Amino acid sequence: MKRLIPCLLLSLFAAGVHADEVAVAVAANFTGPMQVIAPIFERETGHKLNLAFGATGKFYAQISNGAPFEILVAADDETPARLVKENQGIAGSAYTYAIGKLVLWSADSKLVDGKGEVLKKGGFKHLAIANPKTAPYGAAALQTMARLGVSDTLKPLFVQGENIAQTQQFVVSGAAELGFIAYSQVIKNGQIGSGSGWLVPASFHDPIRQDVVLLAKGKDKPGAVALMTFLKGDKAKTVIKSFGYDLP
Amino acid sequence: MFLTDADLQAIWLTIRLAGITTLILLVLGTPAAWWLARTRSRWKGPVGAVVALPLVLPPSVLGFYLLLAMGPNGLVGQLTQALGLGTLPFTFWGLVVASVFYSFPFMVQPLQNAFEAIGDRPLEVAATLRASPIDTFFTVVLPLARPGFLSAGILTFAHTVGEFGVVLMIGGNIPGVTRVASVQIYDHVEALEYLDAHRLAGVMLVFSFVVLLGLYTWQPQQKKEA
């Protein structure tokens, strides 16, 4: 026991540092596909990925303040462009890896019809959306409701998730009856896996172009450069497509 | 104006939440602390540990299970629905309930210490003077424990003001209902509105300092009086 304690204390400081590890910040909506792509990438290239999932805006703040991320897989195209402009992203490295699709979804299998008529009919108390100020899927949800002319009636029912994953969690737990989330979060075998949903037509909102960018800290890292190439490749594309995204 | 209307709304909401939580906890925490201070029961240890749990548990754990419990499928949620109150997540009163759990130890522990510090002697004296237990509590214990109540109240209020994780989990970020100051700052940061974030954070910093300054300068004088 006496020897064990110093060992434990030492191990607290001996965090694993390995040359081939790539630190990747991933937008919450891309969690599912990234978790499928990561092992394929690791097997093929021998590099290891350290994935962090969260809101793109938060990652921007962290990267601007020295977070050790080497790649940002963003939920929009503005944040990568801004990082490049501020010399924190490598110029010319950003490209669109996926175009997101919005879905109105409920855990209740009867609530949402195939045309989104439920938004006009009502019969629910809470509508979850991602924070439109920071999350592109939240902004797309607002545009969709504006187009349907239901913004004003629905606005008092909004509850906002910090990111798209928390928004989904509000709906899954039933605390909010329905919500606008990413199709990738509920897709299973090419269709909405459970509950009920309406796949919002792409013409109802600005395209959700999701860009990836190589960051300054990943510039000369073989692992980071390899992932930038891999995400454009056929194997990644197949996975991305299977999660319901459109490809550029 | 230095702060935006949305910021002021968030501050007012925060003060209301912290104030109501503190009042409720004064009522709930006092008997709990009294029992913990006086009991010789073998349950004292386990109960004390349960009371202290929110100190240790991550707010995300607390928030997650409160969301499940108070949601339409949870036990609490079914109860509130049966009573015709609807469900608590995404409401102001939902935040109050969560804050009561979250800040419970901050009320109970200073009170318990204050009650224990009084000791048996004043109570025995009061009893020999034929004061009933209730009479003793209000005329002997309460005045003697005044510094304890003061620090418990201030700590509870301040801790609720500083709440973030739990509110994020069950609040839904609704302006004027659940968007408290800490969440508003987080929003500003995420939206890259750093100037707004700095201003509101500055207000919070000054507020917290003043509260704690008050706590630490008042405390010794109170003790001397007692």
Side-chain angles (χ1 to χ4, degrees), chain A residues 27-28 54-65 74-76 78-79 81-83 85-86 88 106-108 111 124-136 138-139 154-179, chain B residues 4 6 10 59-60 63-78 80-81 84-92 94-95 98 164-180 182-198 201:
Chain A
T56 301
K58 180 170 59 196
F59 284 136
Y60 170 84
Q62 293 175 342
I63 291 163
S64 313
N65 289 288
D76 63 2
E78 285 162 23
T79 309
R82 188 193 287 247
L83 286 166
K85 218 170 100 191
E86 293 168 359
Q88 313 202 60
S106 170
D108 179 341
L111 188 63
F124 48 88
K125 284 187 201 136
H126 298 293
L127 172 68
I129 60 171
N131 188 342
K133 255 170 43 176
T134 54
L154 294 180
K155 201 166 180 222
L157 309 181
F158 286 177
V159 294
Q160 289 181 21
E162 186 249 324
N163 59 45
I164 201 71
Q166 200 201 5
T167 310
Q168 181 191 20
Q169 180 230 330
F170 281 159
V171 185
V172 168
S173 68
E177 292 91 336
L178 72 176
Chain B
T4 65
S60 48
F64 176 50
Y65 288 102
L66 282 170
L67 180 68
L68 291 188
M70 303 196 310
N73 306 318
L75 274 180
V76 181
Q78 288 181 346
T80 53
Q81 280 175 313
L85 299 170
T87 51
L88 285 170
F90 317 130
T91 65
F92 178 74
L95 288 195
F164 174 67
V166 175
V167 177
L168 197 70
M169 293 291 279
I170 66 161
N173 200 355
I174 306 167
V177 181
T178 59
R179 187 181 289 167
V180 296
S182 59
V183 175
Q184 176 82 353
I185 292 174
Y186 187 67
D187 256 25
H188 283 320
V189 173
E190 285 216 317
L192 316 181
E193 299 161 351
Y194 289 177
L195 190 62
D196 294 308
H198 290 320

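Please read these numbers as outputs of a predicted model, since none were measured by experiment. Values below: all heavy atoms of this structure, side chains included; hydrogens, waters and symmetry mates excluded.
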Contact summary for B/Asn73 and A/Ser173, nearest pair of heavy atoms: ND2-O, 3.6 Å
Top contributor to chain A interface from B/Val189, B/Ile170, B/Leu168 [non-hydrogen pairs under 4.5 Å]: B/Leu168
Would you please name every residue forming a ring-ring contact (aromatic ring centres under 6.0 Å, His included) with A/Phe59, sequence neighbours left out? A/Phe69
Do A/Glu162 and B/Tyr186 come close enough that some side-chain heavy atom pair is under 4.5 Å? yes
Among the listed options A/Ala175, A/Ala61, A/Gly161, the residue most often paired with chain B at heavy-atom distances under 4.5 Å: A/Ala175
Give the member of B/Pro72, B/Gly71, B/Gly77 that has the highest number of heavy-atom pairs under 4.5 Å with chain A. B/Pro72
Which residues in residues 163-170 of chain A have any heavy atom closer than 4.5 Å to a heavy atom of chain B? A/Gln166, A/Gln169, A/Phe170
Atom pair CG (A/Asn131) and CG (B/Asn173), whose distance is rounded to the nearest 0.5 Å: 5.5 Å
Need one label for A/Ala135: side chain, backbone, both or neither, based on atoms under 4.5 Å from any heavy atom in chain B. neither
In terms of heavy-atom contacts, does CD of B/Gln81 have more than 12 from other residues, nucleotides or ligands at under 6.0 Å? yes
Would you say that more than 12 heavy atoms from the other residues, nucleotides or ligands in this model lie under 6.0 Å from the OH of B/Tyr65, or not? no
Any chance NZ of A/Lys125 has more than 12 other-residue heavy atoms, nucleotides or ligands included, within less than 6.0 Å? no
